[in-house]
Amino acid sequence: MKRKKALGVNVGSSSILLIFVILCLVCFAALSIVSANADYKLGQKILKRTSAYYDACNQAEKSIAAIDRTLWEIYDGALDETEYFAAAGREKSYLIPISDLQNLSIEIEILYPRQTGDSCYRIKSWQVINSDHIEYDNTLPVFQ
């Protein structure tokens, strides 16, 4: 007599399925660790750049405060508007380094205060500019 084959799940196929599931979980765990590490490094770079920018802004504010004090001293010593602008000039601009590749550029226009409470200057621009040169790594190919 012929025996009927029993239909069912063999022990071997369930072991292969279990090994496949475990390999998938290990791969996903490794990918999540790599992704978390990359996010951490990116966060540290952003923190460093943001801190450098705000340090440059603080330095710029201190410079503007010193310029403002100087302009008020010139204003107090000047007889008229012509003498004030002859001593103070019409514009001031300066750069504050943020990093090797970026600078904070500030341009101010010198104003003559007409009444008490007026400002001696107006900020014309306050922007981050890239440096003129970037040093390239010669080991990497450069496409033109």
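Keep in mind that the numbers below use all heavy atoms, side chains included, and drop hydrogens, waters and symmetry copies. Numbers here simply count residues along the sequence, with the first being 1. From a predicted model like this one, the values you see are computed outputs, not experimental measurements.
The two residues Glu61 and Trp126 make their nearest non-hydrogen contact at OE2-CH2, 3.7 Å. When every heavy atom of Ala56 is checked against every heavy atom of Pro97, the shortest pair comes out as CB-O, 4.2 Å. Minimum heavy-atom separation, Ser105 to Ile129: CB-CD1, 4.1 Å.
At a threshold of 4.5 Å between non-hydrogen side-chain atoms, the residues Arg49 and Gln102 do not count as touching. Counting heavy atoms from C-beta outward, Ile110 and Arg90 have side chains that stay 4.5 Å or more apart. Between Tyr121 and Ile64 there is a side-chain heavy-atom pair separated by less than 4.5 Å.
Side chain of Tyr84 to backbone of Leu111: a donor-acceptor contact under 3.5 angstrom is found. With Ser131 contributing its side chain and Asp100 its backbone, the two residues share a donor-acceptor pair below 3.5 Å. Between the side chain of Asp118 and the main chain of Gln115, a donor-acceptor pair closer than 3.5 Å is present. With hydrogens and angles disregarded, no donor-acceptor distance shorter than 3.5 Å links the side chain of Ser35 to the backbone of Leu31. A donor-acceptor pair is defined here as one N or O able to donate and one able to accept, closer than 3.5 Å; no such pair exists between the side chain of Thr50 and the backbone of Leu47.
Under the 4.5 Å side-chain contact rule for hydrophobic residues, Ile96 and Leu101 do not share a cluster. Ile106 is not connected to Leu95 by any chain of hydrophobic side-chain contacts under 4.5 Å among Ile, Leu, Val, Met, Phe, Trp and Tyr, and they are in different clusters.
Between Lys124 and the choices Glu109, Glu107, Glu91, the side chain to side chain donor-acceptor pair (under 3.5 Å) rule is met once, by Glu91.
Rounding to the nearest 0.5 angstrom, the gap separating the OG atom in Ser13 from the CG atom in Leu18 is 11.5 Å. In this structure, CG on Asp55 lies 8.5 Å from CD on Gln59, to the nearest 0.5 angstrom. Atom OH in Tyr112 sits 14.5 Å away from atom OG in Ser119 (nearest 0.5 Å). Atom-to-atom distance recorded for Ile22:CD1 and Cys27:SG is 12.0 Å, nearest 0.5 angstrom. In this structure, NZ in Lys92 is found 9.0 Å from OG1 in Thr70, a value given to the nearest 0.5 Å. We find the CD1-CG distance between Ile98 and Asn103 to be 7.0 Å, quoted to the nearest 0.5 Å.
With a 6.0 Å radius and a threshold of 12 heavy atoms from other residues, nucleotides or ligands, Tyr54 has its OH atom at or below the threshold.
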